[in-house]
Amino acid sequence: MKWIILAALFIACVTVGYVFSIKYKRRVQFYSALILFAQKLDVEINFSRERLKKLIEGMDEKTKKSLFGLDKNFLSYLEGTEELSEEKLFKNCPLLKSEEKEMVFLFFKSLGRSDVLGQTKEIQNFLKRFDDSLSKCAAENKKYGSLCFKLGIIAGLFAIVILI
């Protein structure tokens, strides 16, 4: 019975470490999807000149999943059912810091507000910012993501040694 409790404690500690490490991985996935989304918008706005709503609806499911509902929240704004605000845009995306939320909110707020040339320049500027954020998040994931998992393992082993 004692060994079962110790094994459960170890698994719980490793699980907690894994859950904390997932946060960093999801941030990298979010910025990768956001960059793909912005690049698609840039290309489609320049060449096909489709409506913004149609472009967002035409995204692939993997990118939509990694955006954590930002596309759906922005589409509800485009349809006129909701007003665009930071709280409503990020209601399903709790993993960003406040300054990152401001930057992403400004990106979505600027979409569809200017002519094609101005829109392309704005998207290119935001792409540079998103790329910088992606590199920071990738570095954090490499550093802290594996650290959280390893600390979960160490905490589990430490708890087992203490209880034996």
Side-chain angles (χ1 to χ4, degrees), residues 14-153:
V14 171
T15 303
V16 167
Y18 179 72
V19 167
F20 280 114
S21 71
I22 285 178
K23 174 187 172 188
Y24 296 104
K25 185 177 180 180
R26 285 186 177 167
R27 287 171 49 88
V28 170
Q29 290 173 345
F30 173 79
Y31 276 111
S32 297
L34 192 61
I35 288 171
L36 286 174
F37 172 68
Q39 288 172 341
K40 180 182 177 178
L41 283 179
D42 188 29
V43 169
E44 294 292 330
I45 285 172
N46 283 323
F47 293 109
S48 70
R49 297 183 188 240
E50 286 285 337
R51 294 275 184 210
L52 190 57
K53 182 179 175 185
K54 202 172 202 179
L55 293 175
I56 294 173
E57 288 173 345
M59 285 189 329
D60 63 335
E61 290 300 317
K62 185 178 179 185
T63 305
K64 286 183 179 182
K65 183 180 176 188
S66 296
L67 285 176
F68 298 105
L70 287 181
D71 57 328
K72 292 177 187 173
N73 298 338
F74 188 67
L75 275 177
S76 65
Y77 161 72
L78 289 177
E79 292 168 352
T81 57
E82 289 187 18
E83 193 172 313
L84 187 64
S85 67
E86 223 175 293
E87 296 85 30
K88 290 180 182 177
L89 188 65
F90 294 105
K91 65 183 173 186
N92 299 331
C93 186
L95 50 103
L96 295 178
K97 300 173 186 171
S98 62
E99 60 270 358
E100 292 172 335
K101 284 183 179 182
E102 284 180 23
M103 178 180 58
V104 174
F105 178 70
L106 287 174
F107 170 69
F108 279 102
K109 190 175 179 181
S110 71
L111 289 178
R113 303 267 183 196
S114 61
D115 61 337
V116 174
L117 186 61
Q119 190 71 60
T120 302
K121 287 181 182 179
E122 283 186 42
I123 290 174
Q124 290 299 322
N125 288 336
F126 278 110
L127 272 171
K128 290 176 188 173
R129 290 181 182 177
F130 295 154
D131 199 32
D132 291 341
S133 295
L134 176 64
S135 61
K136 287 178 188 175
C137 288
E140 285 179 1
N141 182 34
K142 188 175 180 181
K143 185 176 182 181
Y144 297 120
S146 62
L147 179 69
C148 290
F149 185 69
K150 290 173 186 174
L151 283 176
I153 292 172

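Residue numbers count from 1 along this sequence.
Shown here are the salt bridge (charged side-chain N to carboxylate O under 4.0 Å, His left out) partners of K97, two or more places apart in sequence or in another chain: E140. In this structure I22 satisfies the side chain to side chain contact (heavy atoms under 4.5 Å, CB included) test together with Y18, R26, sequence neighbours excluded. Among residues two or more places apart in sequence or in another chain, the side chain to side chain contact (heavy atoms under 4.5 Å, CB included) test is passed with K25 by Q29, N141. For Q124, the side-chain hydrogen bond (donor to acceptor under 3.5 Å, both in side chains) partners are D42, not counting sequence neighbours. Remark: Y24 pairs with Y144 by the ring-ring contact (aromatic ring centres under 6.0 Å, His included) rule, at least two apart or across chains. Residues that satisfy the ring-ring contact (aromatic ring centres under 6.0 Å, His included) test with F20, not counting sequence neighbours, are absent from this structure. Under the rule for a side chain to side chain contact (heavy atoms under 4.5 Å, CB included), S135 has no partner lying at least two apart in sequence or in another chain. In terms of the side chain to side chain contact (heavy atoms under 4.5 Å, CB included) criterion, residue partners of K101 (sequence neighbours excluded) are, by chain and number, E86, F90, L96. Residues satisfying the salt bridge (charged side-chain N to carboxylate O under 4.0 Å, His left out) criterion with E122, sequence neighbours excluded, are absent altogether. Applying the side-chain hydrogen bond (donor to acceptor under 3.5 Å, both in side chains) rule to R27 yields the partners E100; only residues at least two apart in sequence or on another chain are considered. Residues satisfying the salt bridge (charged side-chain N to carboxylate O under 4.0 Å, His left out) test with K91, not counting sequence neighbours, are E82.
Here CE of M103 is found 8.0 Å from CZ of F126. Values are rounded to the nearest 0.5 Å. Atom-to-atom distance recorded for S133:OG and Y31:OH is 4.0 Å, nearest 0.5 angstrom. Atom CG of L151 and atom OG of S146 lie 9.5 Å apart (nearest 0.5 Å).
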Enumerate donor-acceptor pairs with a distance under 3.5 Å from any side-chain N or O in residues 32-40 to protein atoms, sequence neighbours excluded.
unit_1 : atom_1 : unit_2 : atom_2 : d
S32    : OG     : V28    : O      : 2.9
K40    : NZ     : G58    : O      : 3.1

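Residues G145 and S21 share a closest heavy-atom pair of O-CB, 3.0 Å.
Within the 4.5 Å cutoff, the side chain of L41 has heavy atoms near those of the F107 side chain.
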